[in-house]
S.K.: 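Pasting a structure here, questions to come.
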Amino acid sequence: QVQLVESGGRLVQAGGSLRLSCAASGRTFNSYAMGWYRQAPGKLREIVSITGWSGSNTYYAESVKGRFTISRDNAKNTVYLKMNSLKPEDKAVYYCANATDTSRLRVGVADYWGQGTQVTVSS
């Protein structure tokens, strides 16, 4: 059993920055691909970013490319999402998830999901 716990979400002004963290339990963290997703009110959950087990093989949604950066620290069992130049449309609950490979995360199939952290961007 793996538990994923997100943190770092809060209210921020447009143009500001946040760093989300997702801490994972278990000793096999470094064998999993990790991903960030988000769901805005009234919208479907969408993929934000993915990273492979080594931190390479990253993917970004077009809407966040150039503004968001995913990274991971396998020694700390933690994956991060640094978000810069935030926009009101980035407001959502952000979830992290893991899977055995990035191809599964690309289609939204994960082994485990976190409970989410709320990001609110004021204009």
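Residue numbers start at 1 and run along the sequence shown.
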S.K.: Do the side chains of Y60 and V121 join up, straight or via other hydrophobic residues, at under 4.5 Å, putting them in one cluster?
M.R.: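 Yes, same cluster.
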S.K.: Rounded to the nearest 0.5 Å, what's the gap from SG on C22 to OH on Y80? Could you check?
M.R.: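 Going from SG on C22 over to OH on Y80, the span is 10.5 Å.
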S.K.: Is it true that, when you exclude E46 itself, more than 12 heavy atoms of the residues, nucleotides or ligands shown sit nearer than 6.0 Å to its CD?
M.R.: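 Counting other residues, nucleotides and ligands, CD of E46 exceeds 12 neighbours.
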S.K.: Which distance, rounded to the nearest 0.5 Å, do you find between the OH of Y95 and the CH2 of W113?
M.R.: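 Between atom OH of Y95 and atom CH2 of W113 there are 9.5 Å.
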S.K.: Cluster question for you: counting only ILVMFWY and a side-chain heavy-atom cut-off of under 4.5 Å, with indirect links fine, are L105 and V2 together?
M.R.: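 Different clusters: L105 never reaches V2 through Ile, Leu, Val, Met, Phe, Trp or Tyr contacts under 4.5 Å.
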S.K.: If I compare all heavy atoms of L4 with all of Y112, which pair ends up nearest, and what's the gap?
M.R.: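 Reported closest heavy-atom pair: CD1-O, 3.5 Å.
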S.K.: For the CD atom of Q118 and the CG atom of L11, what is their distance to the nearest 0.5 Å?
M.R.: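 Q118 CD to L11 CG: 9.5 Å, rounded to 0.5 Å.
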S.K.: Are the side chain of R106 and the backbone of I50 linked by a donor-acceptor contact shorter than 3.5 Å?
M.R.: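 Between the backbone of I50 and the side chain of R106 there is no qualifying donor-acceptor contact (under 3.5 Å).
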S.K.: Rounded to the nearest 0.5 Å, what separation is found between the OG1 atom of T120 and the CG atom of L86?
M.R.: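 It is 10.5 Å, given to the nearest 0.5 Å.
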S.K.: Among pairs that include at least one residue of residues 7-26, which meet side chain to side chain donor-acceptor pair (under 3.5 Å), considering only residues two or more places apart or in two chains?
M.R.: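 Qualifying pairs, neighbours excluded: S17-N84.
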S.K.: Of L18, L20, V48, which meets side chain to side chain contact (heavy atoms under 4.5 Å, CB included) against F68?
M.R.: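 One option only clears the test, and that one is V48.
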S.K.: Give a yes or no answer on whether the side chain of N74 reaches the backbone of W53 with a donor-acceptor pair at less than 3.5 Å.
M.R.: yes
S.K.: As an exercise, state the distance from CZ of R72 to SG of C96, rounded to the nearest 0.5 Å.
M.R.: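 R72 CZ to C96 SG: 11.0 Å, rounded to 0.5 Å.
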S.K.: List the steps and the verdict of side-chain hydrogen bond (donor to acceptor under 3.5 Å, both in side chains) for D73 and T78.
M.R.: CA-CA 5 Å; D73 185 337; T78 302; over 6 Å; no
S.K.: Considering non-hydrogen atoms only, spot the tightest contact between F29 and A24 and give its length.
M.R.: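 Distance-wise, the nearest heavy atoms are CD1-CB, 3.4 Å.
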S.K.: Roughly how far apart are Q39 CD and Y94 OH, rounded to 0.5 Å?
M.R.: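 With rounding to 0.5 Å, CD (Q39) is 12.0 Å from OH (Y94).
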S.K.: Which heavy atom in Q115 sits nearest to a heavy atom in V5, and how many Å separate them?
M.R.: OE1-CA, 3.7 Å
S.K.: For residues 80-101, pull every pair meeting salt bridge (Lys or Arg N to Asp or Glu O under 4.0 Å), keeping only residues two or more places apart or in separate chains.
M.R.: R38-D90, R67-D90
